[in-house]
K.L.:
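First, the structure itself, so that you have it in front of you.
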Amino acid sequence: MPVTLDKRLNAYRPDLADARLEGKVEASRFVKGEAGMVTAPVADLRPRPDLSAGIDTQLLFGEPLRIFERHGGWAWVQAEVDGYVGYMAEADLVSPAQQTTFWIIQPRTFLYPEPDMKRPRGAPLSLGSRIFPVVQVETRGTRYLTLAGGGSVIAAHCAPLGAPVSDDYVAIAARLLETPYLWGGKSAFGIDCSGLVQLSMMMAGKSAPRDSDMQAAGLGTEIGFDELRRGDLVFWKGHVAIMEDEETMIHANGHTMSVAREGLKAAVERIGYLYGKPTVCRRP
């Protein structure tokens with residue numbers, strides 16, 4: 001019996017599929033796709049090419065991706081970072097991709113048109129955005145990185161790509177407290193529960209799947225509810241929270257519509273009323 005591949009992580013449709021899936025799925029045409037990257041501060045990824053469709057996830061400025069199709073102002077792509085597949089606005093990407101060498105390590109920063117903070121600010125950039133600086137410039141005592149594609153970023157807000165902000169991903173998550181909750185969000189401008197886990201872990205040099213069901217199924221090792229400590233994850237059906245200590249958790253949630261701290265006991269009682277008890281606990 002053929003195995004059904006998760007369409008969130010595998011690019012295939014009846015008419016078109018990733019060439020790497022040939023022999024595994026049925027499609028009338030297989031393509032290798034082309035390398036590209038995100039040029040918008042945040043790009044929404046949707047399950048179909050329709051602005052009325054809710055977003056599944058987001059890609060950040062400079063993120064690499066593979067483009068399988070361009071049609072009607074939309075691009076069907078797969079993110080290189082976590083493998084997520086979906087449709088995004090074609091205007092939000094460029095191909096071929098440039099080689100990024102740094103990333104943003106502050107929750108939020110600005111891309112200025114010139115290396116001067118007194119100039120009108122350009123695009124806002126989120127934690128985790130990737131850039132490609134070519135020169136370092138100092139203006140009135142402040143250092144900037146000037147990018148190959150134009151614009152400058154505060155040098156202190158950047159670090160070499162892949163360099164962890166901290167080895168404690170919980171501390172990174174805490175820096176995003178009060179960030180607005182956004183279904184499908186994965187940036188410091190708006191984020192959901194599993195996006196908070198993924199982004200915080202990425203900036204700590206660790207990888208995590210995108211969605212909470214993926215995380216619950218295989219991120220780290222399963223532990224007992226009575227073993228919880230800092231850095232462990234508690235899952236409910238469709239939700240995940242990060243333990244800050246044995247009694248307190250941090251999570252992006254629809255109750256406060258923000259990233260917030262909440263007592264574990266209170267959360268179990270509140271969430272249980274609507275969605276039941278925690279389903280599993282895991283230690284990344």
Side-chain angles (χ1 to χ4, degrees), residues 36-46 51 55 57-65 67 70 73-75 77 79 81 87-163 165-166 172-192 195-196 199-200 202-203 252 257-259:
M37 76 174 199
V38 178
T39 54
V42 180
D44 295 335
L45 204 64
R46 303 173 190 271
L51 288 175
I55 65 174
T57 186
Q58 295 178 315
L59 304 183
L60 302 177
F61 184 86
E63 269 200 57
L65 48 80
I67 308 162
R70 301 170 186 254
W74 292 90
V77 307
V81 173
Y87 295 86
M88 62 180 285
E90 186 180 1
D92 289 346
L93 59 79
V94 68
S95 179
Q98 292 179 288
Q99 183 65 45
T100 55
T101 54
F102 280 70
W103 62 2
I104 304 302
I105 59 172
Q106 291 295 320
R108 292 160 289 275
T109 192
F110 294 111
L111 179 63
Y112 294 94
E114 299 173 9
D116 187 344
M117 65 182 177
K118 293 188 177 181
R119 297 288 294 156
R121 62 96 177 153
L125 298 179
S126 167
L127 176 73
S129 298
R130 300 172 181 224
I131 60 173
F132 33 96
V134 292
V135 66
Q136 188 171 136
V137 178
E138 186 170 315
T139 304
R140 292 189 298 277
T142 300
R143 289 182 299 139
Y144 299 83
L145 295 179
T146 297
L147 311 190
S152 298
V153 180
I154 303 293
H157 292 181
C158 311
L161 182 62
V165 175
S166 167
I172 299 172
R175 296 177 67 189
L176 295 173
L177 284 166
E178 300 188 17
T179 298
Y181 178 85
L182 177 66
W183 180 272
K186 199 191 74 173
S187 82
F189 305 119
I191 200 162
D192 66 15
L196 178 65
L199 180 59
S200 300
M202 181 179 75
M203 300 310 296
M257 288 303 294
S258 66
V259 177

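Note that the numbering runs from 1 along the sequence shown for the chain.
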K.L.:
Is any side-chain heavy atom of Ile104 closer than 4.5 Å to a side-chain heavy atom of Ser126?
P.N.:
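No, their side chains stay 4.5 Å or more apart.
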K.L.:
At what distance, to the nearest 0.5 angstrom, does OG of Ser258 lie from CG of Leu176?
P.N.:
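So the gap between those two atoms works out to 11.5 Å.
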K.L.:
A side-chain contact here means heavy atoms from C-beta on lying under 4.5 Å apart; do Leu60 and Arg130 qualify?
P.N.:
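No, too far: nothing below the 4.5 Å cut-off.
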K.L.:
Within the 4.5 Å heavy-atom criterion, are Trp103 and Met202 side-chain neighbours or not?
P.N.:
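The answer is yes; the side chains approach within 4.5 Å.
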K.L.:
Listed by chain and number, what are the salt bridge (charged side-chain N to carboxylate O under 4.0 Å, His left out) partners of Asp44, not counting sequence neighbours?
P.N.:
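With sequence neighbours excluded, Asp44 shows a salt bridge (charged side-chain N to carboxylate O under 4.0 Å, His left out) to Arg46, given in chain and number order.
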K.L.:
Quick check: are there more than 12 heavy atoms from other residues, nucleotides or ligands sitting under 6.0 Å from CD of Gln136?
P.N.:
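More than 12 within 6.0 Å, yes.
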K.L.:
Of all heavy-atom pairs between Ile105 and Arg175, which one has the smallest distance, and what is that distance?
P.N.:
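Where Ile105 meets Arg175 most closely, the heavy atoms are O-NH1, 3.4 Å.
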K.L.:
With the side chain counted from C-beta on, respond yes when Ser152 and Val137 share a heavy-atom pair under 4.5 Å apart, and no when they do not.
P.N.:
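No, side chains not in contact.
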K.L.:
In Å and rounded to the nearest 0.5 Å, what is the CD1 to CG distance from Ile191 to Leu199?
P.N.:
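That separation rounds to 5.0 Å.
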K.L.:
Nearest 0.5 Å, please: how far is CG in Asp192 from OG1 in Thr57?
P.N.:
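It is 7.0 Å, given to the nearest 0.5 Å.
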K.L.:
Could you pull out the closest heavy-atom pair between Pro115 and Thr139, with the gap in Å?
P.N.:
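Closest approach of Pro115 to Thr139: O-OG1, 2.6 Å.
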K.L.:
Identify the two heavy atoms, one from Pro124 and one from Pro41, that lie closest to each other, and give their separation to 0.1 Å.
P.N.:
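What the structure gives for the nearest pair is O-CB, 3.2 Å.
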K.L.:
Would you compute the distance between atom CZ of Arg140 and atom NZ of Lys118 and round it to the nearest 0.5 angstrom?
P.N.:
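Separation between the atoms: 4.5 Å.
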K.L.:
Can you find a pair of side-chain heavy atoms, one from Leu93 and one from Val38, that are under 4.5 Å apart?
P.N.:
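Leu93 does not reach Val38 side chain to side chain.
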K.L.:
I'd like to know if the side chain of Arg70 reaches the main chain of Glu90, judged simply by a donor and an acceptor atom lying under 3.5 Å from each other, with no hydrogens or angles considered.
P.N.:
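No; judged by distance alone, with no hydrogens or angles, the pair does not exist.
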K.L.:
Would you say the side chain of Thr179 lies within less than 4.5 Å of the side chain of Leu196, judging by non-hydrogen atoms?
P.N.:
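Side-chain contact under 4.5 Å: no.
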K.L.:
With a sphere of 6.0 Å drawn around CD of Glu178, does it hold more than 12 non-hydrogen atoms of other residues, nucleotides or ligands?
P.N.:
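Check fails, neighbour count at 12 or below.
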K.L.:
Do Leu161 and Thr101 come within less than 4.5 Å of each other through their side chains, counting heavy atoms only?
P.N.:
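Of all side-chain heavy-atom pairs linking Thr101 with Leu161, none is under 4.5 Å.
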K.L.:
So His157 and Leu125, side-chain contact (heavy atoms from CB on, under 4.5 Å) or not? Walk me through it.
P.N.:
CA-CA 10 Å; His157 292 181; Leu125 298 179; over 6 Å; no
K.L.:
Would you call the rings of Tyr112 and Tyr144 parallel, tilted or perpendicular if under 30° counts as parallel and over 60° as perpendicular?
P.N.:
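Rings of Tyr112 and Tyr144: perpendicular, as their planes differ by over 60°.
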K.L.:
Give me the atom names and distance for the closest heavy-atom approach of Gln99 to Phe132.
P.N.:
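For Gln99 and Phe132, the tightest heavy-atom pair comes out as O-CB, 3.4 Å.
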